[in-house]
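Some notes on the structure that comes next.
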Amino acid sequence: MSRLIRVLCACVVVFASPACGDDPTGPIDGGPLPPGLTLKLDPFITTGLSSPVFLAQPLDDGRIFVVEQGGRIRVARNGALQTTPFLDISGRVASGGERGLLSVAFHPQYATNRFFYVYYTTQASGALAAGDIVIERFTTTSNPEVADPTTAKLIITTPHSQQSNHNGGLLAFGPDGMLYAGLGDGGGGGDPFQTGQNQNALLGSLLRLDISGDPYTIPASNPFVGVAGKRGEIWAKGLRNPWRYAFDAPTGLLYIADVGQGAREEVNVIPATQAGVNYGWSIMEGAICYNASTCNQTGLTLPIIDYTHAAGCSITGGYVYRGSAIPGIRGHYFYSDYCTGFLRSFRYENGVAVDVKDWGLTMSLVTSFGVDFGGELYVMSGNSILKVAQGT
């Protein structure tokens, strides 16, 4: 089933952030929600943005970077949106529906090397067809307010021109320093290109790349290195449209929200170091067999939580809260749905979701979550960005 894009640390892991260290407000993996705790959504940026789909803050310098689907990265300094874009590559981005400039990942050593990476669907150019997935590296100029569009360096690309949906879209550096990319299955309904279980296809996968190489090398610890008929870049398989995922560095867990077909939406939680995980698509959709009454689930990893389309239509994955402003929700993972706009959370404990909570807040067209340098949580809703705050 095609759907509008659930179009955005910031899956950038902020290694030096205070949110990643010990905090006397509670255990690293969180605790039960305090009785009576409420949340609210405070306006952060409500004007001037066009289709924001991602948010990141690589440095504690007052600047937050916002990705616009059309091909620009904007800067908000201390909450004020700046006029001049940090990067504008709208001339090379195919945008609309689920296509566009979909995320940015700042290098862990961005403060010194000024490298950052973008994920987008391209306009037709040379050997690339309109809609193909491109991951490129750019470099910030000596002026930290702007990047140099002429420094583009292609990292990897894969065809995706036959259907416009299921592009995936998130780049993130893991706690291991590797660059991860979540790719959708190629679009259409029901995995028509059969990429979900095809280990020789980059689509339908989570990739893991060592970008210290030129343009990258395949880490020796990737599960399919040197295996005939399998792509070495693949870290995990069986994904339909992993629009947003998140590393939780303190616990070493990886959360992947995978968009479902016509019945169920899901969140998966596994150790980030676990290689070769198969999340089941298109054998499974959520915790049920896809388009069949029974199926062989051997070797498949089932979601920690899923929900039916009575509650929504397209999951928008978020982050584990690691900020300091709301100690009661530390260690709880937050997510939403593009169609119904709820705000929900759960805490992962001993392999199951506990403290499952609907916060009774409703937004419109929730495309993404983001986190700032201190671990505070933001939500992209329509053309606005909201900040999660403690209620009164």
CD/Gln82: more than 12 non-hydrogen atoms of other groups inside 6.0 Å: yes
Between Phe65 and Phe86 (judged by ring centroids, cut-off 6.0 Å), do the two rings come close enough to count as a pair?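 Yes, ring centres under 6.0 Å apart.
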State yes or no: are the ring centers of Phe369 and Tyr321 separated by less than 6.0 Å?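 Ring centroids of Phe369 and Tyr321 are no less than 6.0 Å from each other.
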Close side-chain approach of [X] and [Y], heavy atoms under 4.5 Å:
{"X": "Gln57", "Y": "Phe106", "result": "no"}
{"X": "Leu179", "Y": "Tyr216", "result": "no"}
{"X": "Ile256", "Y": "Leu206", "result": "yes"}

Is the [X] ring parallel, tilted or perpendicular to the [Y] ring (thresholds 30°, 60°)?
{"X": "Tyr335", "Y": "Tyr333", "answer": "parallel"}
{"X": "His107", "Y": "Phe115", "answer": "perpendicular"}
{"X": "Phe342", "Y": "Tyr307", "answer": "perpendicular"}

Classify the side-chain pair Tyr378/Asp372 by whether it contains a donor and acceptor separated by less than 3.5 Å.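 Indeed, the side chains of Tyr378 and Asp372 share at least one donor-acceptor pair under 3.5 Å.
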Could you verify whether a donor N or O on one side chain and an acceptor N or O on the other, from Lys237 and Ser205, lie under 3.5 Å apart?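 Short answer, yes.
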With a cut-off of 3.5 Å and sequence neighbours excluded, list every side-chain donor-acceptor pair involving residues 275-288.
residue : atom : partner : partner atom : Å
Asn278  : OD1  : Gln197  : NE2          : 3.1
Asn278  : OD1  : Gly280  : N            : 2.9
Asn278  : ND2  : Gln197  : OE1          : 2.7
Trp281  : NE1  : Asp185  : OD2          : 2.9
Ser282  : OG   : Asp191  : OD2          : 3.2
Glu285  : OE2  : Gln261  : N            : 2.7
Glu285  : OE2  : Gly262  : N            : 3.1
Glu285  : OE2  : Ala263  : N            : 2.9
Glu285  : OE2  : Arg264  : N            : 3.0

To the closest 0.5 Å, what do you measure between CD1 (Ile135) and CG (Leu171)? 4.5 Å
Taking only residues two or more places apart in sequence, or in another chain, which ones meet Arg114 in a salt bridge (Lys or Arg N to Asp or Glu O under 4.0 Å)? none
List the atom of Leu170, the atom of Ser103, and the distance in Å for their closest heavy-atom pair.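 Closest heavy-atom pair between Leu170 and Ser103: CA-OG, 3.5 Å.
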Report the residues that fulfil side-chain hydrogen bond (donor to acceptor under 3.5 Å, both in side chains) with Asp148, sequence neighbours left out, ordered by chain and then residue number.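 Testing Asp148 for side-chain hydrogen bond (donor to acceptor under 3.5 Å, both in side chains), a comparison that skips the adjacent residues, returns Thr150.
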